[in-house]
K.L.:
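My questions will all concern the structure given below.
Worth saying up front: this structure is predicted, and the values here are computed from it rather than measured. Values below: every heavy atom of this structure, side chains too, minus hydrogens, waters and symmetry copies. Reminder, nothing fancy here: chain letters follow the sequence lines and each chain counts from 1.
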2 protein chains.
Amino acid sequence: MPDPSFFTDEPQLTPLLRKLRSITRLSARDEQAILRLPAHPRVFTAGQDLVSEGDRSTQCWLVLMGWVQRYKLLSGGRRQISAFHVAGDMADLPSLHLPVMDHSLGAVTYVMAASIPHEALRELLERHPDLNAPFWRDTLVDAAIFREWVANVGRRPAYQRLAHLFCELYLKQAAVGLAQDHRCPMPVTQVDLADATGLTSVHINRTLRDLRRDKLIDLRSKTLVIHDWTRLVEAAEFDPTYLQLDRTLAA
Amino acid sequence: MPDPSFFTDEPQLTPLLRKLRSITRLSARDEQAILRLPAHPRVFTAGQDLVSEGDRSTQCWLVLMGWVQRYKLLSGGRRQISAFHVAGDMADLPSLHLPVMDHSLGAVTYVMAASIPHEALRELLERHPDLNAPFWRDTLVDAAIFREWVANVGRRPAYQRLAHLFCELYLKQAAVGLAQDHRCPMPVTQVDLADATGLTSVHINRTLRDLRRDKLIDLRSKTLVIHDWTRLVEAAEFDPTYLQLDRTLAA
DNA sequence: CGTAATTTTGAGTCGTCTCAACTATAGTGG
DNA sequence: CCACTATAGTTGAGACGACTCAAAATTACG
């Protein structure tokens with residue numbers, strides 16, 4: 001159910017501003033320039049790819065609503081998710097300088113996204129060189145998140161690993177106003193969680209039960225409720241530095 | 001044993017050019033500008049940190065010789081390595097836009113590195129806006145490698161995981177002329193390999209034995225010898241797309 | 001040449017996986 | 001609005017890949 005105003009001519013780029021503001025500072029002039037970017041809205045149903053491995057992009061997708069996942073398919077039906085993206089994320093900003101996709105971007109939920117031509121972005125950056133830094137910084141924050149995922153998947157046991165993922169996804173959403181009061185959307189299946197953490201869905205199920213048993217969280221009807229943020233952070237050994245959020249959000 | 005010419009006034013930035021050329025195209029003018037960057041050489045002994053978690057950087061380190069690793073320390077003595085860097089790599093280019101380190105950069109071997117002040121880099125990018133793209137692209141390639149590592153650690157069994165790492169490190173070095181004839185430097189301990197793959201050193205030892213038994217590789221005196229590149233690639237299910245090398249290097 | 005670091009091997013354990021069935025929830029069409 | 005069907009979640013039992021602990025063998029280094 002897309003918001004009717006969504007299909008008006010005016011591009012809805014404010015989520016992008018909110019995102020960029022959460023990790024950097026922008027001048028009013030630069031913000032205006034961003035808002036003038038041409039953006040073509042489109043919807044995707046759950047499971048659809050926005051971009052698939054091997055595609056050559058000439059545009060970037062900005063997520064406006066819903067969740068998008070970044071994933072690789074391996075042989076034998078194995079899959080690894082390397083990122084979740086929410087409203088405001090330029091999910092495939094990398095395609096601006098790496099046009100051939102080495103992975104896919106898929107819609108986790110019903111998704112509204114806006115495509116922005118590479119050409120328009122390049123022109124923006126040319127006219128407003130100051131904007132190189134914020135966007136570049138955005139890709140650097142994403143890279144920092146990938147690094148944290150390497151550590152998560154490589155060195156943390158299942159319980160800690162899931163807890164860590166929840167801490168990250170809560171803060172990431174809170175930073176752009178999509179979460180508060182220790183609850184946030186978590187519109188993924190246990191299979192998705194498994195593919196994001198390098199576990200099996202069976203083990204995710206049992207680990208979720210343990211997290212629930214310990215009164216740390218609840219995950220029901222696609223909503224994560226955090227019962228005890230402090231203990232969740234402890235259990236996860238979560239340090240939000242890597243998210244590079246301007247101000248640490250109060251717990 | 002530093003090369004004597006290393007300490008002359010002339011900055012030795014050619015490895016950087018070689019690296020950038022392996023993943024992008026540069027104009028002669030831009031190349032000249034890069035060569036004029038001020039670079040202050042320094043050596044590090046194995047085990048020393050170039051930069052530590054929590055540090056605030058005002059300069060970037062360019063690796064000139066030796067290997068550098070990117071790693072995070074976790075509780076209980078656990079460690080996760082998320083990248084290896086070789087000559088030509090701007091190991092902490094991220095610090096240009098994310099000055100607070102969320103991880104450490106350590107010397108794997110005896111290392112020669114050159115520090116380039118952030119200020120000089122910013123000035124370079126201001127005067128040569130075309131250079132934003134190549135450097136940005138470099139951080140995007142690193143991010144692509146992180147993503148591949150997430151998949152490697154998350155979804156591949158030990159044997160495949162190690163094989164994949166070796167394919168990557170061989171190609172990465174070959175791309176900048178540091179490897180050829182299916183042999184390359186691999187100056188890491190089994191503990192390092194364990195921390196890069198999310199395994200234990202004991203299991204690395206046994207997996208190396210298996211790879212050796214299968215006549216795929218040999219790893220002796222810090223040198224990797226690949227006996228059968230084709231079968232190694234097969235075993236690893238290695239697809240070099242993510243490295244974004246200009247030309248695929250012949251097998 | 002002695003000492004530390006690294007590699008190798010064995011034996012037992014454990015976290016996570018596999019396979020398989022069953023239950024619950026959500027979406028769809030009559 | 002309910003029945004039907006597909007999707008998602010839950011549980012049990014057994015297997016296995018990787019881990020732990022510990023010691024011995026080898027190699028590197030000052």
K.L.:
Rounded to whole angstrom units, what separation is found between the CG atom of B:Asn205 and the P atom of D:dA25?
P.N.:
15 Å
K.L.:
Contact class for B:Leu208 vs. all strands (heavy atom < 4.0 Å): base, sugar-phosphate, or nothing?
P.N.:
nothing
K.L.:
Measure NE2/B:His203 against C1'/D:dG17 and give the value in whole Å, please.
P.N.:
6 Å
K.L.:
Select one nucleotide: of D:dA28, D:dC21, D:dA8, the one nearest the side-chain heavy atoms of B:Val202.
P.N.:
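The nucleotide sitting nearest to the side chain is D:dC21.
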K.L.:
So that I can tick it off, tell me whether A:Arg220 and A:Asp218 are bridged by a salt bridge, with the cut-off set at under 4.0 angstrom between side-chain N and carboxylate O.
P.N.:
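The answer is yes: the pair qualifies as a salt bridge.
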K.L.:
Whole angstrom is fine here: how far is it from CG in B:Leu199 over to P in D:dT20?
P.N.:
11 Å
K.L.:
Nearest heavy atom decides the nucleotide; on that basis, is A:Gln190 or A:Arg155 closer to the 5' end of DNA chain D?
P.N.:
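It is A:Gln190, whose closest nucleotide lies nearer the 5' terminus.
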K.L.:
So, does B:Thr189 use its side chain to make a donor-acceptor pair with the main chain of B:Asp192 at under 3.5 Å?
P.N.:
yes
K.L.:
The side chain of B:Thr200 lies closest to which of these nucleotides: D:dT20, D:dT10, D:dA18?
P.N.:
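So the side chain of B:Thr200 is nearest to D:dT20.
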K.L.:
Tell me whether A:Arg231 is salt-bridged to A:Asp214, with the criterion being a basic N under 4.0 Å from an acidic carboxylate O.
P.N.:
no
K.L.:
Would you kindly give the CZ-to-C1' distance between B:Arg156 and D:dA18, to the nearest whole Å?
P.N.:
18 Å
K.L.:
Side chains of B:Phe238 and B:Leu171: closer than 4.5 Å at any heavy-atom pair?
P.N.:
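The answer is yes, as the side chains (C-beta and beyond) meet within the 4.5 Å cut-off.
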K.L.:
Could you state the CZ-P distance from B:Arg161 to D:dG17, rounded to the nearest angstrom?
P.N.:
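Going from CZ in B:Arg161 over to P in D:dG17 covers 13 Å.
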K.L.:
Which is true for B:Gly198 with a 4.0 Å heavy-atom rule: it touches a base, it touches only sugar-phosphate, or it touches nothing?
P.N.:
sugar-phosphate
K.L.:
What is the distance from CG of A:Asp192 to C1' of D:dA8, rounded to the nearest Å?
P.N.:
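From A:Asp192 CG to D:dA8 C1': 11 Å.
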K.L.:
Can you give me the first and the last nucleotide of DNA chain C (5' to 3') that has an atom within less than 4.0 angstrom of a non-hydrogen atom in chain B?
P.N.:
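Endpoints of the contacted stretch of DNA chain C: C:dT6 to C:dA11.
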K.L.:
What's the CZ-P distance between B:Arg209 and D:dT26, to the nearest Å?
P.N.:
16 Å
K.L.:
Parallel, tilted or perpendicular: which fits the ring planes of A:Phe44 and A:Trp61, with parallel below 30° and perpendicular above 60°?
P.N.:
perpendicular
K.L.:
Considering only NZ, NE, NH1 and NH2 on the basic side and carboxylate oxygens on the acidic side, decide whether A:Arg78 and B:Glu237 come within less than 4.0 Å.
P.N.:
yes
K.L.:
What distance do A:Asp89 atom CG and A:Phe84 atom CZ have between them, rounded to the nearest 0.5 Å?
P.N.:
12.5 Å
K.L.:
Give the rounded distance in Å between these two atoms: CD1 of A:Ile204 and P of D:dT10.
P.N.:
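For the pair A:Ile204 CD1 and D:dT10 P, the rounded distance is 12 Å.
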K.L.:
Donor-acceptor pair under 3.5 Å: do we get one between A:Arg206's side chain and the base of D:dG9?
P.N.:
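By the distance-only test, no, there is no pair.
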